[in-house]
Amino acid sequence: MKEYDVIGKNVRRLDAAEKATGTATFSTDFSLPGMLHGKVLRSPYPHAKIVSIDTAEAEKLPGVKAVATYQNTPREIFNTSATMAFTVPALEPVLDQYIFDNIVRYVGDEVAAVAAVSEKVAEAALELIKVEYEELPAIFDPLEAMEPGAPDIHPNCSAGKNIPGEIVKIPFGDVDKGFVESDVVFEGRFKLPVQKQAQLETQAAVAQVGADGKITVWSTTQTPHPSRSILAKVFGVPESKVRVLNPPYVGGGFGVRIGLSAKAEPIAVALAKLAGKPVKVVYSREDDFIASDTRHGGYVSIKLGSKKDGTFHAMELKGTLNTGAYCSFGCETPGVMGAMGLAVYRVPNQSYYGHSVYTNTSPAGAMRGFGNPQAMFAIESAVDMMAEKLGMDPLELRLKNIMQVGDPWCLPYPCQSTGLAECIEKGAGSIGWDNRNSLNQPGAKKLRGIGAGVGTHVSNAWPFCVDYDNAYLAVQQDGSIHLAAGVPDIGTGTSTTLPQLAAEALGVGLGEVSLTFGDTATTPFDIGSHASRTCYAAGTAVVAAANDARRQVLEYAGDFLNVPPERLDIKGSVIYITGQELGEQCAGTGVCQTGAGTSVCETGEKRNSVSLRDLAYHAHLRNKQFIGVGRIVPGNAPPWQAHFAEVEVDTETGQVKVLKVAAAHDVGKAINPCIVEGQIEGGVLMGVGYATSEEITYDAKGRQLHNSLHKYMLPTAEDAPEIDAIVVEASDPTGPFGAKGVGETGLVPTAGAIANAVYNATGIRFYEIPLTEEKVYRALKQRV
Amino acid sequence: MLQDYLVPKTIDQALSHLQNNNGKARIIAGGTDLLLDLKEGKKEAGILVDITRIPGLKVITMENGVVRIGSAATHNQVAKSDIIREKALVLAQAARSVGSLQIRNSGTVVGNVLNAQPAADTAVALTALGAVAEILSPAKKEYLPVEELYAGLGKSTLDSTSQLLTMVQFPALLKNQGSAFERLEQRKALALPMLNVAVVVSLSGEQFEWARIVMAPVGTKPVRATESEAILKGARATSELIEKAAGAAIAQANPRDSALRGSREYRLEVLPVLVKRALESAVAQAKGNF
Amino acid sequence: MSVKTLSFILNGENTVVEVALSDMLVDVLREKLLLTGTKKGCGKGECGACTVIMNGEAVNSCMVPALKAEGAIVETIEGIGRPDKLHPLQESFMDQGAIQCGFCTPGMIMSAKALLDKNLTPNREDIREAVSGNICRCTGYVKIEKAVSVAAKQIRENQ
């Protein structure tokens, strides 16, 4: 195995010092001279027409500088999500919202906004805005919203009643025939909850409109470049005159701001234009809950057919997801749900049919896993039930059917790597799989159980969405490296792993590299941080840029040292002739800095190496800089994962306690293993919450019941189980140094593993998560 | 609109601030509940009178078998206090279960009681301990049992614009006595209870001398399960008897349906489990003390 | 009267600042004193991002009326280490990979410091209790727990 100098090592994150000392700047920390504060008036009704809106009193309040409504802001229809900028033809992006509209479609929908000298004044002004509403009929369940009599939430739903965009259909083989030929068939429908990203920094943006009309927005977006495209369209200015950047840190994402940060950016820009001053809009936590994207809840149906010997033969998957009042990723999420659901097992006959449905609830969009956790809860539950029907060990059944390299599958790129079998083996060892049927004493009131689930994912969004990356790398005049990439660092470690990749590819130390990121004005276009893609895809561009610069360096050095460039290599910022020992006295003698650079040392010996520092300066004095450009369209590669959960069910109260999750992940080459583990651990805990406690529900008037961190039951430190993150490295030829995606994968199979563990403990199968105490108690009771 | 924030150094100063402002001034201690109520317009105050700098109010003492907790003592002080852990474990456990550590460092036990939520953890425990509150008005000093501080849902009989609760007191538990707190919760921190139960038992050998069982939220305030208590009184402490008494608790429980924290039905069904578990721990503790 | 003068000791320095009566400590720190290391994640005491140490105890500065800090000793993330001499917790959070998005980090470190200031041999439960009010959505808390115990050990060994 190749020895690496920089990658594969647990170097400290390059952003750690700023973050540990409180000096890291986030959007919510950012301010400008003369800056105003914006607050948003939100609809109290789930569906209503604005009959009249009177802002006169609000405008009179001292300190108020602007009030924005649908009457004085651009009426350009758009989509807050990046789908607007990266939907692949022949599909069309769904455009279904305005900054403000005269119809409100969910409780929390934007009605008006105020810019004032302080948040307090802005809040007071909101109360002075008089709005007369005419209530319209509202609908909250996706199945009911498809009924003929349901209210139409948006016009022009050509695919079906309240169905945005198009229905996703994935045919593979002959599924009807497949079921006829199957010996055993399982069929079931599963219900999924609405989960919330609950990233720690709420949606935020600061907008400045210059005297020259240029717009600059500092915000929490995960995708500055696509966000710029959206804002340019909404405000009718050339993209070159809009700059979107992170300042530079973003307090988490998990999909909630792929595209705009809900509407923080356009509202801030609209107010800034009206007020003629910079405006900062920071969502309150309640705003963030009710008025920014959630995970899609809904229904997944599965039918699985198998031969008697446990060979899967047919699978049919159907998804009906609730996308809420606006379609941000309402078309793509059901697509990924199907594509990933069908990619895990080798099933010759498959089909998927899925779509989302508008309802009068908060918009659902992208959230870590993007439809995949929904699918895998159903699939992994079904596989366990199939194992029982067949009388097989659930792991044996999985190992028999999991996708192998080169197997035909429904995805438009080949499966070129899998470490799933190794993940299963290692995870099973960690959890003690063999003990699973001897965990409980007869008569015990608290029952233990162990369950497993597996899954895969993507490493970027191509070819489902536009997905390409650019990076440039410039060798500075002292030999240090400046790298620029348009992706943000939303916490996943991009600003460390990209420099690691550049350093490794170029042959310099990590300390030499600095990165500019998350800024449309100083970085080339990049689609952004989503789809577990940043290290894999932006990393590929960075490596390409590094290789380009390296080629230039070696060519120049070849002339300098009078050897063909092919004979040169770079290590530790020293260019040397391979096969010859590094001449210590020759590296960095300072000769070149005088401009009298020569391939001959003062001693008269012929040099066999030169430091990058000397070479770069030598070039500088001759009017040359080494600048590498990486322009790539990434391939795609499947990361794989196997989760094993041990649970304890209190049969007297119904409480499910997750004791341990062993999470084995094939991530390809782990560029920074510590960062990879962190991604897995965080994902697992989010998956534990998804499976056991997290859920947003609505009352009969369409109001969120779980609209705060106190009411929304995400796990605290005291709730976290033991998590064993196991890294498996099945290198993929398409990734930088063999790396694959990891970010989203931490919670893909978790809910299935936990539900299977609860079944192992209690013998009760749950078709719905989260496994709250009352739900579990009721089921235990019904069985008795 | 807040017009002043006063930080008196003595009880007399605090009382005169209240008196001088004729109902416009209101006592604040930790503020963890009050500030939210003020923000949401549920309560009003022109002037806040902060009592947390009054030296005598922060202390926890035991004298002549009586434990006293000043009204500025925080949840964390109470949860970590050796006196409370030894002489009223149920209260230490209840205080430990409130909010998060940060909330417990600010919020006070007395504030928890005066916020008058039915399932206020420490109010449930204090009721089981038979605690009594000392209340000062400009004109008089009076003593009220903690359970009588509840005037209704979220409403205290104490008027924090004219009265000051200085401390709560209760008899320290004896060697033959034990106590325990059980809480059904959706997560281990930052969660209100779905149900909570506090019990104090007094044993004579193998027999219950008496037991006090308090449960919530099953009414507008912490509710005594007197029927269960009657079953235990004078009887031998067997698991069958405990089970029977626990089952009887539901007769006096009238929980509401909560969209956030469980249906009435579920709460009624699980309540006996909590009562049973609390009784079992309290009995084990009382026996272990011998 | 809607403005008052607040005097307190902030990160070891006598500090005097005009505050509105309704200001919370977090607002004074962030907006008046420009100490934006202390974050605001909910404004209701539900996330812990604004945790500071006041008179030795970790508190949510969004739930502390600014005037409650009169005469108090307050420590924020900006006060516990310098670039050339970071607090062992800052070092261990960096070394152990306990930092991801970084938004919870200052509050998390302050909660941990309040613990270690009193207890240099914390067990797992002590650590979890200390940060129970600090929501982290990135890390699953695994490396945070580790970082706190490593820092405790570091401090013990340096004593």
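Every chain is numbered from 1 and lettered A, B, ... according to where its sequence line falls, protein lines coming before strand lines.
- Counting only distance, with no hydrogens or angles, the side chain of C:Y141 and the backbone of A:D719 share no donor-acceptor pair below 3.5 Å.
- Heavy atoms of A:A17 lying under 4.5 Å from chain C belong to its backbone as well as its side chain.
- The candidate from A:T716, A:T202, A:I490 with the greatest count of non-hydrogen atom pairs under 4.5 Å with chain C is A:T716.
- Of the possible donor and acceptor atoms, one in the side chain of C:R137 sits under 3.5 Å from a partner among the backbone N and O of A:Q197.
- Heavy-atom distances place no part of A:S284 under 4.5 Å from chain C, backbone and side chain included.
- When heavy atoms are compared at a cutoff of 4.5 Å, A:A198 approaches chain C by way of both its backbone and its side chain.
- Both the backbone and the side chain of A:S708 come within contact range of chain C, each with at least one heavy atom under 4.5 Å from a heavy atom of that chain.
- Under 4.0 Å is where a charged nitrogen must lie from a carboxylate oxygen, and between A:K120 and C:D23 at least one such pair does.
- Residue C:L35: no heavy atom, backbone or side chain, is found under 4.5 Å from chain A.
- Looking at A:K19, its side chain never comes within 3.5 Å of a backbone N or O of C:I99 through a donor-acceptor pair.
- For chain A, no part of C:E31 is nearby; none of its heavy atoms comes within less than 4.5 Å.
- With a 4.5 Å cut-off on non-hydrogen atoms, C:T76 does not touch chain A at all.
- For A:D15, the part lying near chain C is the side chain, with the backbone staying farther off; criterion is any non-hydrogen pair under 4.5 Å.
- Salt bridge annotation for C:R124-A:E718: absent, with no cationic side-chain nitrogen under 4.0 angstrom from a carboxylate oxygen.
- A:P715 touches chain C through backbone and side chain together, each having a heavy atom under 4.5 Å away.
- At distances below 3.5 Å, not a single donor-acceptor pair connects side-chain atoms of C:Q100 with backbone N or O atoms of A:T492.
- For the options A:T23, A:V250, A:L714, heavy-atom pairs under 4.5 Å to chain C are most numerous at A:L714.
- The backbone N or O of C:G43 sits nowhere less than 3.5 Å from a side-chain atom of A:R285 that would complete a donor-acceptor pair.
- The contact between A:Y712 and chain C is made entirely by side chain atoms (from C-beta outward), counting heavy-atom distances below 4.5 Å.
- Salt bridge annotation for A:E677-C:K143: present, with a cationic side-chain nitrogen under 4.0 angstrom from a carboxylate oxygen.
- If you tally non-hydrogen atom pairs under 4.5 Å between each of C:V142, C:T105, C:I144 and chain A, the highest count goes to C:V142.
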